[in-house]
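First comes the structure, then the notes that go with it.
None of these values were measured; they are calculated from a predicted model. Just the heavy atoms: all of them, side chains too, but no hydrogens, waters or symmetry mates, feed the values below.
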Amino acid sequence: MMKDNVLIKTLGIVLTLFIIAMIVVPAVGSTPMYFQRGFALLLSLVLGVLYKPTQSTRLPTLARFYDILIIALSVAGFGYLMLNSTAIVGRIGAGNIYDLVSSLISFIVVMEVARRWTPPALMILVLAFAAYAFLGHLIPSRVIGHPRISGEQFFTYTMTSQEGILGSGVAVMVNVIFIFMVLSAVLKLTGIGEFILNISKALVGRFTGGPALAAVVGSSLFGMVSGSPVANVAAVGTITIPMMIRMGYNPFFAGAVEAVSSTGGQIMPPILGSVAFFISEVTGTPYIKIAVYSLIPALIYYGSVGLAVSLEAWRQGITGLPKSELPLVRDVMKKGWYSLIPLVALIVLLALDFTPQKAAWYAIITAVLIGVMKKAGWKKFVDAMVESAHSSLGVMIAVAAIGIVVASLALTGLAPKIATMVASVTQVYWMLGLLVIALFGIVLGMGLPPLPAYIVMFVAVARLIPYLGSLGFNELSIHMFMFYYAALAPITPPVALAAYTAAGIANTDPFKVGWRAFGIALPAFALPFLFVQHEQLLLMGDLWPGILLPLLKALILIFAGSLTVIGWLIKPIGLLRRLASVVAVVLVILPVSWSWPLALLMVLLIVISGVYNGGISKRRNGKAAGEAG
């Protein structure tokens with residue numbers, strides 16, 4: 001076991017140093033792209049086997065031999081592909097037996113490691129598309145049928161093309177995302193986690209529902225650092241979830257609040273989730289612009305969550321944190337302000353048009369210097385490099401596996417057919433086309449992590465984006481539309497990883513937490529339909545006074561959505577008014593001039609009736625108390 005620990009740490013350090021060297025060492029950065037991607041993926045696959053070895057109490061020796069065999073096949077298959085990728089790409093469809101064998105071996109290895117690391121839904125999706133590539137020529141339909149594809153063509157294309165396993169998903173992981181994972185790990189050495197939790201309690205802990213509001217604020221700020229919902233829940237939830245439960249929130253509600261708050265970190269600037277980096281790469285849009293576009297929707301998202309937890313607190317009579325647990329803002333800032341320096345440096349460098357990789361690298365150096373000043377030992381820096389490698393594995397392996405789906409879509413020609421079908425729906429009414437894309441994203445989010453879900457969405461509807469652009473939509477707003485549905489994957493049941501992580505901390509039913517989180521995030525699922533119609537919410541176009549109406553619509557959406565989920569306003573609002581709130585949510589996103597005023601009217605009527613009935617209840621209760629006295 002000790003040998004395995006040493007090996008894991010060594011390989012993790014090598015992987016992290018290799019990613020850093022690609023940025024700061026010209027000789028490494030100029031190596032062929034397939035060598036860079038292949039080497040990083042090879043190390044990830046080996047680490048994937050070591051971190052999750054085959055378990056067998058009856059045949060432990062055989063299980064260990066099987067893992068060694070998978071590692072050996074990884075080295076053999078990817079070693080050949082790395083050294084001969086250029087030649088293989090040039091002879092796809094007419095290669096030799098070595099190309100086929102190495103591609104087949106590498107394919108099997110990726111599938112086996114993905115089986116250990118990814119949700120079953122992803123494996124089902126990959127196998128289904130691989131089967132479609134081989135058997136689709138037997139389908140008589142012109143719509144989904146395709147010409148016969150040979151095994152050599154499929155496996156070599158899947159392994160070496162830009163649409164395959166070593167394609168754009170792994171490229172973005174290796175070139176951009178990984179270095180931000182290093183930054184996230186090193187930032188912890190500055191004490192930023194403790195600073196964020198303390199400043200959150202100091203800012204909002206005193207208010208009604210303070211523990212949950214602190215979780216919302218803390219998770220949003222921590223999400224700026226981590227960009228990973230599951231990591232966010234694990235880091236912040238261990239403190240906020242027990243605190244919420246102690247103050248009176250139900251365990252499943254506390255877990256749901258943390259899951260939703262942590263998931264929002266993926267859309268919270270400046271360090272967004274992995275999907276944002278992919279959008280930046282495929283569209284050629286500077287990353288800082290993607291971060292700016294995300295700002296107002298992120299604030300709307302967290303405003304919605306904050307309102308929901310406040311209504312729940314009022315419903316249950318939950319107060320703020322005791323004064324003894326409330327730190328002073330000035331004391332928190334005095335003790336930990338320096339932990340923000342790396343983030344400030346990152347934002348400034350991005351604003352000065354540094355590449356995301358360079359900006360992250362200089363922010364890492366700043367964080368390391370602060371860590372040295374705090375007397376963090378060398379062991380902590382080593383652990384940070386190992387943690388960076390470990391935290392990257394789930395995404396790296398998932399996007400490698402999803403490359404098989406992308407390759408199948410490209411080889412069979414299914415992607416343009418899907419885009420054509422959605423376009424035909426869009427010709428009738430463009431919002432139906434967006435609804436199809438949204439449902440597609442939600443279904444993918446039920447089983448896939450955010451980045452793989454987005455990649456499949458992007459490939460399937462890429463040819464539709466220019467068409468929507470011709471209808472008057474900003475093409476980047478369509479990317480942001482898909483971004484949001486992919487980002488919400490960690491709280492989309494049944495495979496809601498952030499919710500399940502929170503449920504483990506709350507010691508409650510993960511299914512309940514998942515569906516409660518899905519409900520709390522209801523306005524977030526409707527929000528993309530607003531900003532795709534009103535680009536001002538993405539800080540595009542004519543902002544003043546053009547942004548006023550979209551902001552009003554967003555406020556209606558937030559309030560109606562929260563009433564729907566919590567069902568309380570001074571007193572329970574009843575089923576009829578909750579259904580009216582749902583109708584208001586739908587009306588406010590419809591692209592017709594009369595719908596949003598009607599939504600506003602419905603919300604006002606719900607509020608007025610709620611206040612009126614609440615006043616009557618109070619008078620009756622007061623009268624009853626007087627008579628009893």
Side-chain angles (χ1 to χ4, degrees), residues 117-119 180-181 184-185 187-188 192-197 200-201 211-247 249-268 271-275 298 301-302 304-306 308-309 387-388 390-395 398 445-446 448-451 453 486-521 524:
W117 278 85
T118 61
F180 278 85
M181 290 182 169
S184 175
L187 274 173
K188 294 176 184 178
I192 195 169
E194 181 183 359
F195 172 80
I196 285 172
L197 288 172
S200 301
K201 287 193 287 186
L213 290 176
V216 173
V217 175
S219 296
S220 68
L221 295 175
F222 198 83
M224 294 167 60
V225 177
S226 71
S228 169
V230 175
N232 203 347
V233 171
V236 180
T238 52
I239 297 173
T240 58
I241 291 175
M243 180 172 66
M244 284 188 275
I245 294 172
R246 177 169 56 85
M247 295 301 294
Y249 284 100
N250 291 325
F252 68 86
F253 187 85
V257 168
E258 182 55 52
V260 175
S261 302
S262 293
T263 297
Q266 291 203 108
I267 58 174
M268 190 68 181
I271 303 179
L272 302 161
S274 54
V275 177
Y301 177 96
Y302 279 107
S304 171
V305 180
V309 300
E387 180 187 339
S388 304
H390 186 207
S391 62
S392 74
L393 295 181
V395 183
M446 290 179 179
L448 302 182
L451 182 56
L488 294 172
I491 51 172
T492 305
V495 186
L497 296 180
Y500 288 3
T501 304
I505 298 172
N507 194 27
T508 188
D509 184 354
F511 194 73
K512 281 187 176 180
V513 174
W515 282 108
R516 191 61 166 168
F518 185 79
I520 293 173

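In terms of modelled atom types and a separation under 3.5 Å, the side chain of Thr263 and the main chain of Ala259 share a donor-acceptor contact.
Here the closest heavy-atom approach between residue Ala298 and residue Met268 is recorded as CB-SD, 3.7 Å. Scanning all heavy atoms of the two residues, the minimum distance from Gly306 to Leu213 falls at O-CD2, 3.8 Å. Smallest separation of non-hydrogen atoms from Ala502 and Ile241: O-CD1, 3.8 Å. The heavy-atom pair separating Ala185 from Ser388 by the smallest distance is CB-OG, 3.5 Å. Closest of all the heavy-atom pairs between Tyr249 and Ala254 is CB-CB, 4.4 Å. Between Phe511 and Tyr500 the shortest heavy-atom distance is N-CE1, 4.5 Å.
Annotation: side chain of Ile267 is in contact with side chain of Tyr301 (closest heavy-atom distance under 4.5 Å). In this structure, Phe518 and Leu488 have side chains that are not in contact, with every pair of non-hydrogen atoms separated by 4.5 Å or more.
The structure places CD1 of Ile245 at 8.0 Å from OG1 of Thr508, a figure rounded to the nearest 0.5 Å. Between Trp515 atom CH2 and Ile520 atom CD1 the span is 14.0 Å, to the nearest 0.5 Å.
Heavy atoms of other residues, nucleotides or ligands lying less than 6.0 angstrom from CG of Asn507 number 12 at most.
With sequence neighbours left out, Ser392 forms a side chain to side chain contact (heavy atoms under 4.5 Å, CB included) with Leu15, Met173, Phe178, Met181. Taking the side chain to side chain contact (heavy atoms under 4.5 Å, CB included) definition, one finds that Ala398 meets it with Thr118, Leu122, Pro449, Pro452, sequence neighbours left out.
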